[in-house]
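Reading through the structure tokens given below for one structure.
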Amino acid sequence: MLSERQMMILRAVVRDFTNTGVPVGSKALAKQLPIHVSSATIRNEMAALEEQGLIKKTHSSSGRIPSVEGYRYYVDHLVKPDPLRPNDIDVIQSSLGGDFHKIDEIISQSATILSNLTSYTAFTLKPELKDSRLSGFRLVPLGKRQVMAILVTDSGDVENQTFDVSESVTGDQLEAVVRLINDQLVGLTLPEVVQKLQADIPMKIANYLQSPEGFLDIFGDVLTRAAQERFYVGGRLNLLNFSQDSDVDSLKSLYSLIDKTDDIANVLGQPRDNISVQIGNEMTNDALRNFSLITATYDVNQHGKGMIAILGPTRMPYSRMLGIVGAFREELAKKLLDYYRFYDE
């Protein structure tokens with residue numbers, strides 16, 4: 001357990017170092033603390049904090065910086081999210097106030113907005129899709145034997161893919177397949193549709209198409225894209241501003257991690273309630289040992305929960321970042337609820 005004075009000093013060390021990047025000495029702390037304490041007393045308290053592994057000395061300075069454990073204690077026990085600045089709220093609301101036609105457009109734009117607000121790399125994940133249902137399927141002739149397959153879900157997601165059809169396939173045959181798909185599959189959840197595609201649907205489509213495999217592959221691809229988790233990334237280049245690695249291979253592995261959906265999904269983990277912070281080696285991937293990750297869920301009622309996250313240096317201003325993430329998830333949820341209400345009407 002830390003004493004009140006030790007907590008006060010640790011809070012001041014973290015806030016001063018995250019603001020300036022300069023190791024913090026006892027004289028600087030004496031000027032910042034809200035109570036009068038001598039430099040000698042502060043040095044003794046800092047020695048106690050160092051013994052507990054919460055702060056550490058650097059090679060180049062007599063001052064101290066927070067350790068990963070120190071940041072952890074600060075985030076768990078001492079930090080208070082800063083209230084958002086009025087211009088931040090204005091930026092969020094005006095940026096989300098555009099005319100969006102797809103959920104993915106909102107989620108993609110959100111990653112850019114969050115990155116711009118924080119100057120870090122941002123991730124956004126749209127609400128979980130396990131309960132999304134197929135609401136319609138169409139084939140639109142484009143000419144020259146090209147056809148566009150369009151799939152729509154009840155959550156407003158639209159996926160499409162263009163493909164070629166052989167000259168032996170007639171328009172009547174394609175219309176019959178579309179009727180079959182809509183009669184048999186509309187109203188089912190996307191996982192249920194996948195199961196049907198692996199069961200009796202191929203046999204039924206074979207009644208209309210001599211070789212149904214090509215069509216089934218196209219429909220399966222569009223369905224998979226509609227059902228998969230989709231992360232959007234904003235501010236990829238911001239990583240270069242605070243990466244402590246100048247090694248090219250380290251930077252390559254970092255960017256490779258960000259660009260692989262499965263890898264970044266493992267780092268972000270499952271959506272948790274509220275807001276969580278992972279610091280340094282608390283993350284399983286070694287490429288992130290000098291970073292912190294703040295994740296937060298947003299709730300859109302029956303449409304599920306999504307996630308937002310920011311990736312920045314361990315030396316981030318946690319109070320401000322937690323304030324931004326907390327406010328942003330609320331504004332994003334409001335925007336999506338408005339979208340769903342409009343779509344449902």
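Count residues from 1 along the sequence. Computation of the quantities below employed the complete heavy-atom set of this structure, encompassing side-chain atoms and omitting hydrogens, waters and symmetry-equivalent molecules.
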On a heavy-atom basis, the closest approach of Ala122 and Ala111 is CB-O, 3.4 Å
Determine whether a donor-acceptor pair (N or O, by modelled atom type, separation under 3.5 Å) exists between the side chain of Gln198 and the backbone of Gln195.
no
Nearest-0.5 Å distance, CZ of residue Arg315 to OG of residue Ser292
11.5 Å
Please assess Asp88 against Arg320 for the test salt bridge (charged side-chain N to carboxylate O under 4.0 Å, His left out), listing each intermediate value before the final yes or no.
CA-CA 11 Å; Asp88 289 335; Arg320 173 152 169 76; 3.0 Å; yes
Check Glu50 with Lys56, please: is the shortest side-chain N to carboxylate O separation under 4.0 Å?
no
Residues Tyr232 and Asp104: side-chain donor-acceptor under 3.5 angstrom:
yes
Report yes if some heavy atom in the side chain of Leu190 is under 4.5 Å from a heavy atom in the side chain of Thr153; otherwise report no.
yes
Whether the side chain of Arg64 engages the backbone of Val24 through a donor-acceptor N/O pair (distance < 3.5 Å, no angle test) should be reported.
no
Do the side chains of Ile113 and Phe328 get nearer than 4.5 Å, heavy atoms only?
yes
Taking the six-membered ring for Trp, are Tyr71 and Tyr318 closer than 6.0 Å centroid to centroid?
yes
Do you know which two heavy atoms are closest between Lys335 and Gly98, and how far apart they sit?
NZ-O, 3.3 Å
Evaluate the side-chain contact (heavy atoms from CB on, under 4.5 Å) criterion for residues Asn160 and Val140: first the C-alpha distance (whole Å), next the side-chain angles of each, then the deciding distance (0.1 Å), finally the verdict.
CA-CA 10 Å; Asn160 62 73; Val140 179; over 6 Å; no
Would a 4.5 Å heavy-atom cut-off, applied to side chains only, mark Arg5 and Thr41 as touching?
yes
Hey, quick one: are Leu237 and Phe231 part of the same hydrophobic cluster, counting side-chain heavy atoms closer than 4.5 Å, chains of contacts allowed?
yes
Tell me, with the steps shown, if Thr18 and Tyr74 meet side-chain hydrogen bond (donor to acceptor under 3.5 Å, both in side chains).
CA-CA 12 Å; Thr18 55; Tyr74 173 76; over 6 Å; no
Carboxylate-amine/guanidinium contact Lys334 Glu331, below 4.0 Å
yes
Is a side-chain donor or acceptor of Thr162 paired with a backbone partner of Met148 at a separation under 3.5 angstrom?
no
Whether the side chain of Ser94 engages the backbone of Val91 through a donor-acceptor N/O pair (distance < 3.5 Å, no angle test) should be reported.
yes
When rounded to the nearest 0.5 Å, the distance separating CZ of Arg15 from CG of Leu78 is 10.5 Å
Which heavy atom of Val277 sits nearest a heavy atom of Ile294, and at what distance?
CG2-CG1, 4.1 Å
So do Leu33 and Ile9 actually touch side chain to side chain, heavy atoms under 4.5 Å?
yes
Do Glu192 and Thr189 have side-chain N/O donor and acceptor atoms under 3.5 Å apart?
yes
Please test Phe123 against Ile308 for side-chain contact (heavy atoms from CB on, under 4.5 Å), starting from the C-alpha separation and ending with a verdict.
CA-CA 6 Å; Phe123 306 90; Ile308 62 173; over 6 Å; no
Taking only residues two or more places apart in sequence or in another chain, which ones pass salt bridge (charged side-chain N to carboxylate O under 4.0 Å, His left out) with Asp183?
none
Below 4.5 Å, heavy atoms only, C-beta onward: do Leu2 and Leu49 meet side chain to side chain?
yes
Do Gln184 and Lys196 have a side chain donor and acceptor closer than 3.5 Å?
no
Any heavy-atom pair between the side chains of Leu54 and Val13 that's under 4.5 Å?
no
If I compare all heavy atoms of Phe291 with all of Thr314, which pair ends up nearest, and what's the gap?
O-CG2, 3.5 Å
Taking atom CD1 of Ile205 and atom CD1 of Ile181, what is their separation to the nearest 0.5 Å?
4.0 Å
What distance separates Asn44 CG from Gln6 CD, expressed to the nearest 0.5 Å?
10.5 Å
Side chains of Ser110 and Tyr298, donor plus acceptor under 3.5 Å:
no
Is there a donor-acceptor pair under 3.5 Å between the side chain of Asn182 and the backbone N or O of Val178?
yes
Leu84 side, atom CG; Ile324 side, atom CD1 - distance, nearest 0.5 Å:
6.0 Å
So, Ser115 versus Asn238: side-chain donor-acceptor pair below 3.5 Å or not?
yes
Hey, mind stepping through Val147 and Leu142 against side-chain contact (heavy atoms from CB on, under 4.5 Å) and telling me if it holds?
CA-CA 5 Å; Val147 175; Leu142 301 176; 6.0 Å; no
For the hydrophobic clusters of this structure (ILVMFWY residues joined by side-chain heavy atoms under 4.5 Å, transitively), does one cluster hold both Val22 and Ile55?
no
Got Ile107 and Leu125 here, is their nearest side-chain heavy-atom distance under 4.5 Å?
no
Which heavy atom of Arg236 sits nearest a heavy atom of Thr121, and at what distance?
O-OG1, 4.0 Å
Hey, is the main chain of Ile279 close enough, under 3.5 Å, to the side chain of Glu282 for a donor-acceptor pair?
yes
Evaluate the side-chain proximity of Ile150 to Phe137: yes if any heavy-atom separation is below 4.5 Å, no if none is.
no
Non-hydrogen atoms of Pro127 and Val300 that approach each other most closely
CG-CG2, 3.6 Å
Working to the nearest 0.5 Å, report the span between CG of Leu151 and OG of Ser135.
7.5 Å
Membership question, hydrophobic clusters at under 4.5 Å side-chain separation (ILVMFWY): are Ile35 and Leu10 in the same one?
yes
